[in-house]
Engineer: 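Please read through the structure below; I'll follow up with questions.
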Amino acid sequence: MPELPEVETIVRGLRPLVTGRRILDAELPSAGAKGSGSSVLRRILREPEWQNPGDFARAIRGASITGVRRHGKQLLFDLRLPNGQGATRTWLVHLGMTGRLTCENTPEARSPHTHLILSLDHPGRWLHYTDIRRFGRWQLLDVPDGAVCSLGPDPMEVGFPEFARLLRARRSMLKSLLLDQHFLRGLGNIYADESLFRARLHPAALAARLDRKQARKLYDGIRKTLRLAIAAGGSSIANYVDGLGNAGYFQHEHQVYQRTGDPCLRCGTRIRRMIIASRSTHFCPRCQRAGRPVHRPVHRPVHRATPLLRKGIA
DNA sequence: CGAGTCCTGTGT
DNA sequence: ACACAGGACTCG
């Protein structure tokens, strides 16, 4: 569910609530539950070193949270361990499709899909991790930026010359490229479609074939979309809420995402949906013509069209 | 590149 | 019953 604007909103909300706090206790309500033969937590805790989810809880219990950051779609909690001489770890959280991190005023699980409850040394504050589909992932990193540096630049930080250079090196379709975290980190299905609409570029256009002007429109389209989305607190469609449990409202400003068949807000043409990179892709066939692939018919018609038919086609 | 996989929930 | 959902990995 959460893409860059949602994760940024969560980080901004949680930062003042958890920075400087100590983790008094870590509970894993689903650790004992049976799911496909083993603990339902095994997947979220993808580290092989956590034979037992209790080891994870033990590892972070007593640690102090010294900072909260965003890296693409991932949240990073910097921890100072209790016993070591300033030993540190970074708890990496990827929320997948349905992950939530929220501050609650109770240590009781709010849902059967709550998988972690951290008690913080602040009266009335518990940090809950909830994830219905369990596509989320946690890692505990030794190095603050380890295992994370292979991703592409942050779209809000990259400069245009660098962006244009990266673009030129890619052969894939724009939609696939924007979803690729090794190209840019942070975009997902919503903001890829919304960015391409603002850039007026066809999602199936080939990256390497864009001229400088089109590359500029894409760059600007991405940044404007993300800036507006962050300002709106992200998009809440089914599951997303921020760290305080509040919904975002950028979904009301979506131009194309999940608007199949509705009129384009700019030209009135019906929004179309197609599948690219196995993902739903929404676009306006009139506003987003630039760079669209030429469709050559595989079979040539055996008979020429009659003049009357030609008229109809033209 | 596409297809399948991991999951649960919702809407037709 | 089926399609689809904000992500990302592996396979051929």
Side-chain angles (χ1 to χ4, degrees), chain A residues 1-10 30 33-48 70-75 92-101 110-115 129-139 147-148 150-152 155 170-196 203-208 225-226 229-230 232-242 247-261 273-282 293:
Chain A
M1 116 197 7
E3 307 180 29
L4 187 153
E6 288 77 29
V7 178
E8 180 65 26
T9 303
I10 293 170
S30 63
K34 291 284 179 181
S36 44
S38 65
S39 157
V40 298
L41 270 177
R42 291 282 160 75
R43 295 197 160 281
I44 295 173
L45 289 162
R46 77 168 118 183
E47 300 293 281
R70 176 183 64 77
H71 193 267
K73 299 173 188 172
Q74 329 183 78
L75 292 104
L92 179 156
V93 181
H94 193 302
L95 298 170
M97 289 272 230
T98 54
R100 286 181 174 191
L101 264 174
R110 281 268 165 82
S111 121
H113 300 108
T114 297
H115 302 298
Y129 176 90
T130 306
D131 187 356
I132 294 172
R133 293 176 72 180
R134 278 180 276 143
F135 288 171
R137 294 291 181 266
W138 306 338
Q139 284 178 293
V148 131
S150 63
L151 300 183
R170 298 302 203 103
R171 229 166 267 257
S172 48
M173 292 186 277
L174 293 182
K175 174 62 184 277
S176 311
L177 192 57
L178 295 187
L179 292 176
D180 183 352
Q181 304 299 298
H182 300 288
F183 173 64
L184 287 180
R185 65 174 117 109
L187 289 180
N189 214 29
I190 296 176
Y191 299 107
D193 284 3
E194 294 294 313
S195 297
L196 287 168
L206 297 180
T225 300
L226 294 178
I230 292 170
S235 304
S236 290
I237 294 175
N239 291 284
Y240 165 72
V241 292
D242 68 14
Y249 46 93
F250 193 67
Q251 66 278 11
H252 303 304
E253 296 176 55
H254 288 176
Q255 305 291 300
V256 290
Y257 184 75
Q258 287 191 348
R259 294 196 62 242
T260 309
R273 172 179 180 270
M274 66 189 293
I275 302 294
I276 298 180
S278 311
R279 309 296 299 280
S280 273
T281 299
H282 314 78

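Side-chain atoms are counted along with the backbone in the values below, which use heavy atoms only and exclude waters and symmetry mates. Quantities reported herein were computed from a predicted structural model and do not represent experimental measurements. Every chain is numbered from 1 and lettered A, B, ... according to where its sequence line falls, protein lines coming before strand lines.
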Engineer: Using a 4.0 Å heavy-atom cut-off, does S176(A) contact any base of the nucleic acid, only the sugar-phosphate backbone, or nothing at all?
Structural biologist: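 Counting heavy atoms under 4.0 Å across all strands, no contact is made by S176(A).
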Engineer: Do any N or O atoms from the side chain of N239(A) and from the backbone of T98(A) form a donor-acceptor pair under 3.5 angstrom?
Structural biologist: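 No; zero donor-acceptor contacts below 3.5 Å.
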Engineer: Keeping R70(A) on the side-chain end and G72(A) on the backbone end, is there a donor-acceptor pair under 3.5 Å?
Structural biologist: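 Answer holds: yes.
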Engineer: What is the separation between atom CE on M274(A) and atom P on dC4(C), rounded to the nearest whole Å?
Structural biologist: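 So the two atoms are 15 Å apart, to the nearest Å.
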Engineer: Grab the stems for DNA chain C, please: at least three consecutive Watson-Crick or wobble pairs, both distances below 3.5 Å, written as range with range.
Structural biologist: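 Expected stems, ordered by start: B:1-6 with C:7-12, B:8-12 with C:1-5.
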Engineer: Stepwise, does the side chain to side chain contact (heavy atoms under 4.5 Å, CB included) test hold for Y191(A) with L4(A)?
Structural biologist: CA-CA 9 Å; Y191(A) 299 107; L4(A) 187 153; over 6 Å; no
Engineer: Between the main-chain N or O of G234(A) and the side-chain N or O of E6(A), is there a donor-acceptor pair closer than 3.5 Å?
Structural biologist: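 Answer holds: no.
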Engineer: Can a donor-acceptor pair be found, under 3.5 Å and without considering hydrogens, that links the side chain of H182(A) to the backbone of S150(A)?
Structural biologist: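 Judged by distance alone, yes, a pair lies under 3.5 Å.
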Engineer: Give the rounded distance in Å between these two atoms: CD1 of I44(A) and C1' of dC6(B).
Structural biologist: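 About 12 Å, once rounded to whole Å.
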Engineer: According to a strict under-4.0 Å criterion, is R171(A) in side-chain N/O contact with OP1 or OP2 of dC1(B)?
Structural biologist: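 No, no such contact exists.
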Engineer: How close or far is atom P of dT8(B) from atom CZ of R43(A), stated in whole angstroms?
Structural biologist: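 Computing the R43(A):CZ to dT8(B):P distance gives 11 Å.
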Engineer: Please measure how far the C1' atom in dG6(C) lies from the corresponding atom in dC1(B), and state the result in whole Å.
Structural biologist: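 After rounding to an integer number of Å, I get 23 Å for this pair.
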Engineer: What nucleic acid atoms does R100(A) come within less than 4.0 Å of, heavy atoms only: base, sugar-phosphate, or nothing?
Structural biologist: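 Answer is nothing: R100(A) stays at 4.0 Å or more from every strand.
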Engineer: Check whether S176(A) reaches the backbone of A277(A) with its side chain - one donor and one acceptor, N or O, closer than 3.5 Å.
Structural biologist: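 Side chain of S176(A) to backbone of A277(A), a donor-acceptor pair under 3.5 Å: no, none is there.
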Engineer: Is the backbone N or O of S280(A) less than 3.5 Å from a side-chain atom of N189(A), with the two atoms forming a donor-acceptor pair by type?
Structural biologist: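 Judged by distance alone, yes, a pair lies under 3.5 Å.
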Engineer: At under 4.0 Å between heavy atoms, how does the protein contact nucleotides 6-12 of chain C? Give one character per nucleotide, 5' to 3', with B, S or -.
Structural biologist: BBS----
Engineer: H282(A) side chain to D193(A) main-chain N or O, any donor-acceptor pair under 3.5 Å?
Structural biologist: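 No.
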Engineer: With sequence neighbours left out, write down each residue that passes salt bridge (Lys or Arg N to Asp or Glu O under 4.0 Å) with R273(A), or none if nothing qualifies.
Structural biologist: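 Residues passing salt bridge (Lys or Arg N to Asp or Glu O under 4.0 Å) with R273(A): none at all.
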Engineer: Distance check needed: dC6(B) C1' versus L41(A) CG, whole Å only.
Structural biologist: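 So the two atoms are 15 Å apart, to the nearest Å.
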